[in-house]
Structures are given as C-alpha cells and as structure tokens.
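These notes concern the structure reproduced below.
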Amino acid sequence: MGGGEKKILDGVRLVVIPRSRSKVDRARMDIWKRQGAVLDSVVKSPDSIVVVARPLSKAKFDSSVGAKYRGQPVVRPEWVVDSLVNRRLMPLDKYQYSFDEKKPEPTKEPEKLEASDPHKADQRLVGFLSMGARGEKGRMGEFANNAKVVKRFEEAIRIYELMQFFDKNNAFRIKNYRLAISAIESLDKPLTSAQDLKQFGLDRGGIAQHVEEILQTGTFSKLETLKQQEMGDERYQLMTQFKKIYGVGDKTAYRFVKAGYKSIQDIVHDQEMYASLTDAQKLGILYFDEWNERIPRTEVEEHYNFVVREAEEIDKNLKVMLMGSYRRGAETSGDIDLIVYTEGVNEASQVHENLYKLTRRLQESGFIVCSMTEVSPAMHKFNGGCKLPGAQKCRRLDIIGIPHAELGASTIYFVGNDIFNRCLRMLAQIKGYHLSNKGLFLAADKSLVESFDERKILHTLGLDWVEYKHRNI
DNA sequence: GGGCTGTACTG
DNA sequence: CAGTACA
DNA sequence: GCCC
C-alpha cells in the first residue's frame with residue numbers, strides 16, 4: 001500500500017441516483033470518494049455528472065435530479081468503474097444512460113487493463129486479499145503484540161460462535177473480527193497502536209478500541225465477560241459437539257440440547273429422535289470419529305491417485321484435479337475435494353453424466369462406501385465417504401463435475417478458502433460484477449466476462465495473481 | 001432497523 | 001420453503 | 001462489528 005498516487009476522480013462531482021444504502025453501493029461510493037470524487041445529492045455545478053446506478057424511469061429521474069438539472073451528462077456506473085480500472089477518465093459519450101433500453105447496455109470488457117494496481121480498489125478488501133504476499137514473518141519477538149491481539153480476537157470468536165446458537169446472530173461480528181485478524185497478520189511491522197491498521201480502515205471504531213485496550217493494558221474486558229458467560233454453560237460445549245456431526249447445523253444441534261442429550265449416544269438411544277434424522281445425519285453419526293479426523297497430505301494424494309487411475313480407465317480425457325485445503329498447501333485436510341471435467345466438454349447433461357460414470361465406477365470398485373447426495377445421471381456434485389483399498393478409515397469425499405469452460409471460476413471456488421471467496425465476491429460486487437463458481441459476470445446484464453482463466457478473473461478485479469498458499473485468509 | 005457471498009441438495 | 005452443506 |  002504505497003499511497004500518494006494521483007486521484008483519478010479528483011474534483012469530479014457526481015450525483016448518484018437512485019440513492020441507495022446497500023452495502024455494495026456504499027462501498028463503491030467510498031472508493032469513488034477516496035479517488036477524489038465529490039458526491040452530491042443534487043446537481044450543484046454545471047460540471048456535475050449524473051450516475052444512474054440502477055435502471056430508472058424518466059419520471060423517477062426527473063424527480064431525483066430535480067429542477068437543478070441543466071443537461072448534465074447522464075451515465076451508467078460503468079463509466080466510473082472503467083475510469084478507475086483504466087486510471088483515466090473515460091469518454092462520457094460511450095456511457096450515456098438511456099431510458100428506453102430494456103437492459104442498460106454495459107460496456108463489454110472493461111477495455112484493456114492498462115495497469116492492475118490494487119490501489120484503486122477497496123483498500124480494505126484488497127489489503128486482506130494480498131495478505132501473505134508481504135514480508136517474512138521472521139523477527140518473531142518484535143511481533144509479540146500482533147500475536148497477542150490475534151489470539152485474544154480468536155478466543156472471542158470462538159465464544160461468539162458458541163453463543164450465537166442461543167442468543168442472537170453474531171456471524172457478522174465474527175466475520176469482522178476475522179477480517180481484523182487477517183489485517184493484523186498481514187502487517188509487516190510490529191503492532192504498536194490501532195493507527196498501524198489505518199490502511200485497513202480499522203483505526204477507529206470498535207475494533208480499534210479493542211486493539212488499543214489490549215496493547216495498553218494487556219487485557220480485553222469484553223473477552224473476560226464472554227469467558228464468564230461460557231463457563232458454567234454446559235449447553236455451549238454440547239452445541240459444539242453436536243455440530244461436529246455431518247449434516248447437523250445449529251437448529252438440529254439446538255434440538256438435541258433442548259431434548260437434554262449429553263452425548264451422541266443419547267441421540268441414537270432415543271428411537272423417535274433417531275428416526276427423524278436425515279440419512280446424511282445418520283451417516284454423520286456412524287462416521288463421527290473418522291470424519292472429524294484430519295487427513296494427512298500424503299493420504300490425500302493416495303486418494304487422488306486412485307480416482308485418477310479410475311478416471312483414466314473410463315476416458316483418457318476425463319480429468320481430475322485436487323482442490324480445497326490441499327491446494328492451499330495444508331499439511332492435513334478435513335476432506336478430499338475433487339473437480340472433474342472432460343477435455344472440451346461443456347454441455348450440462350454430458351458434464352453430469354460423466355460425473356455419474358465416475359461415481360458409479362468408484363462405487364463399484366468399493367472406493368466410495370457411502371453417499372449423502374443421490375447418485376444419478378443428473379448429479380452436479382457428489383458428497384460422500386471413501387476408503388482406500390485395504391484401509392480402515394472412511395474419509396469425506398466431495399467431487400464436483402464442471403464444464404471445461406468454467407475451470408477457472410470453479411477452481412477459485414473450490415480452492416477457497418471461504419473467507420477468500422467471500423472477499424473476492426464482495427470485491428466483484430463493488431466493481432459492478434458478479435462472481436460465482438460459474439464465472440465472473442457483469443452485474444448489469446449478467447453477461448459473462450470470464451470463466452476459464454483464473455488469472456484473468458483476478459486481473460479484471462484489479463488483483464495480481466494470488467498464490468494458492470496465500471488464500472488462507 | 002437492516003444488510004452483510006453465492007450455489008446445490010434434501011426432505 | 002427451511003435447513004444444511006460446499007468453498 | 002460496521003455502515004447508512
């Protein structure tokens with residue numbers, strides 16, 4: 001994060017209509033402001049540019065912009081986005097908003113990217129996304145404060161996660177603590193005050209206060225309160241235990257706690273309750289121990305090699321790739337994540353059928369021992385369990401079948417981690433795109449920008465390549 | 001007070 | 001549709 | 001927790 005580069009929108013007055021307070025719109029306008037734009041609610045100057053953020057009728061337009069409208073340029077938001085991406089103001093006429101269009105016609109590709117400088121993007125998100133690309137984490141001693149704050153926040157997260165089963169939803173609080181942790185971990189210098197987190201926008205607000213408290217007093221009063229609450233509440237420990245059963249989320253775990261169960265045995269012994277469980281949950285109980293064990297990296301590779309050999313027997317062009325935490329370099333994984341595709345095959349029915357063929361073959365060979373999803377010629381994905389020949393342990397196996405053309409977007413999705421994906425999707429939204437496992441699309445008309453080339457997807461979002469091992473955010 | 005990522009499957 | 005899962 |  002260098003700073004001090006010229007602001008692309010310096011002095012540009014924008015009137016954005018309709019006014020919206022959605023998170024995405026806000027984040028987007030924050031970026032514009034940081035790039036020097038002045039945002040007005042009404043036209044205040046002959047130079048004002050009216051940005052129509054969403055399709056709008058002429059009547060609405062007239063009432064929004066009001067009497068002060070003097071024939072200013074009226075453009076689609078892509079004008080601003082493209083100007084930022086290209087680091088210069090784009091010609092307005094190409095981006096004219098017109099009321100009659102059914103779909104507001106967006107620019108196809110955001111032209112050629114002249115520079116891919118994360119600076120122009122939401123600094124906070126990009127800061128997190130480039131985590132790990134930074135300096136060595138040597139000089140451990142100097143970073144004691146960083147570690148201390150991270151540890152406290154992690155403890156708080158753990159307790160908030162327990163509490164949200166019973167009380168209100170802490171998910172977004174938890175998310176923000178996680179983002180703060182990522183920010184601190186990406187810092188290339190010792191943490192001495194919340195000011196050090198300015199580049200992430202965390203130099204004021206609740207998180208900043210907590211950071212200051214921990215740095216100055218070594219204590220974190222909020223955490224102490226949380227610990228008090230956790231202690232002496234057996235329900236929390238039980239919830240955590242029950243939620244480790246595959247297929248059991250918070251609602252079901254809460255049901256178990258309400259029923260007074262103290263162990264998984266209690267669930268099985270209650271015939272009525274057991275009968276009410278889904279097949280997946282019953283498997284989750286059956287394989288409780290094995291599925292909560294970590295799988296060594298080398299064993300993940302053995303499973304992969306087995307599947308690859310079977311796939312080759314079906315069709316030389318049937319490709320299998322290892323995804324998930326393995327791809328991020330983890331020494332152990334919770335499950336085995338595979339993508340399968342067939343060279344040159346994009347048609348949905350064929351994609352599904354090829355996944356079906358592979359799954360059937362793996363079932364017949366005895367590798368797949370159980371399944372949580374229906375195995376049919378129309379399957380999109382497989383979730384189940386597998387065992388290597390002669391092995392004792394059943395491992396969780398996920399396979400998704402994808403059109404070859406979607407390899408890049410699918411890889412982003414399936415390599416993860418989840419937080420990385422969420423940041424990326426958020427960043428996409430802010431920049432007027434929509435990112436899913438199927439591809440990167442323009443938000444305006446859902447037209448495909450890129451799905452095959454992972455690099456291109458990141459690049460279009462203003463990011464340089466992010467190594468898989470740096471996606472653990 | 002309300003929103004906060006996006007998709008697929010089960011029952 | 002709610003619940004759960006996947007990243 | 002953060003932002004409007």
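In what follows, chains are A, B, ... by sequence order, proteins preceding strands, each numbered from 1.
One atom, CG of Asp203(A), and another, P of dC3(D), lie 10 Å apart when rounded to the nearest Å. The separation between Ile402(A) atom CD1 and dA8(B) atom P is 13 Å, rounded to whole Å. Between Leu440(A) atom CG and dT7(B) atom C1' there is a gap of 16 Å when expressed in whole angstrom units. Separating the CD atom of Glu406(A) from the C1' atom of dA8(B) is a distance of 14 Å, rounded to the nearest angstrom. One interatomic measurement links the two molecules: CG of Leu355(A) to C1' of dC9(B), which rounds to 14 Å at whole-angstrom precision.
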For Leu277(A) and Ile267(A), what are the C-alpha separation, side-chain angles and deciding distance, and is it a side chain to side chain contact (heavy atoms under 4.5 Å, CB included)?
CA-CA 10 Å; Leu277(A) 301 183; Ile267(A) 305 168; 4.0 Å; yes

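Contact annotation for Met323(A): no contact, since no heavy-atom pair falls under 4.0 Å across all strands. Leu435(A) comes within 4.0 angstrom of sugar-phosphate atoms only, judged by non-hydrogen atoms across all strands, and of no base.
Under a 4.0 Å N-O distance rule, the pair Lys222(A)/Glu213(A) does not qualify as a salt bridge. Salt bridge status for Glu454(A) with Arg327(A): absent, with no side-chain N to carboxylate O gap under 4.0 Å.
A close approach under 4.0 Å does occur between a side-chain nitrogen or oxygen of Lys438(A) and OP1 or OP2 of dA8(B). In this structure, His434(A) reaches the dG6(B) phosphate: one of its side-chain N or O atoms is under 4.0 Å from OP1 or OP2. Within the 4.0 Å cut-off from OP1 or OP2 of dT5(B), at least one side-chain nitrogen or oxygen of Lys175(A) is found.
dG3(C) sits 22 Å from dG2(B) when the C1' atoms are compared, rounded to a whole Å. Nucleotides dG3(B) and dA2(C), compared at atom P, are 15 Å apart to the nearest Å. Rounded to whole Å, the separation between the C1' atoms of dG1(D) and dG6(B) comes to 22 Å.
In summary, of the residues considered (Leu322(A), Ile368(A), Ile336(A), Leu362(A)), a side-chain contact (heavy atoms from CB on, under 4.5 Å) with Val307(A) occurs for Leu362(A) alone.
Ring centroids of His269(A) and Tyr274(A) are separated by 6.0 Å or more, keeping the two rings apart.
The salt bridge (Lys or Arg N to Asp or Glu O under 4.0 Å) check on Glu230(A) picks up Arg158(A), with sequence neighbours excluded.
Panel note: side chain Arg396(A), backbone Gly384(A); a donor-acceptor pair is recorded below 3.5 Å.
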How does each nucleotide of nucleotides 2-7 of chain C score, in 5' to 3' order, for protein heavy atoms under 4.0 Å: base (B), sugar-phosphate only (S), or none (-)?
-SSSBB

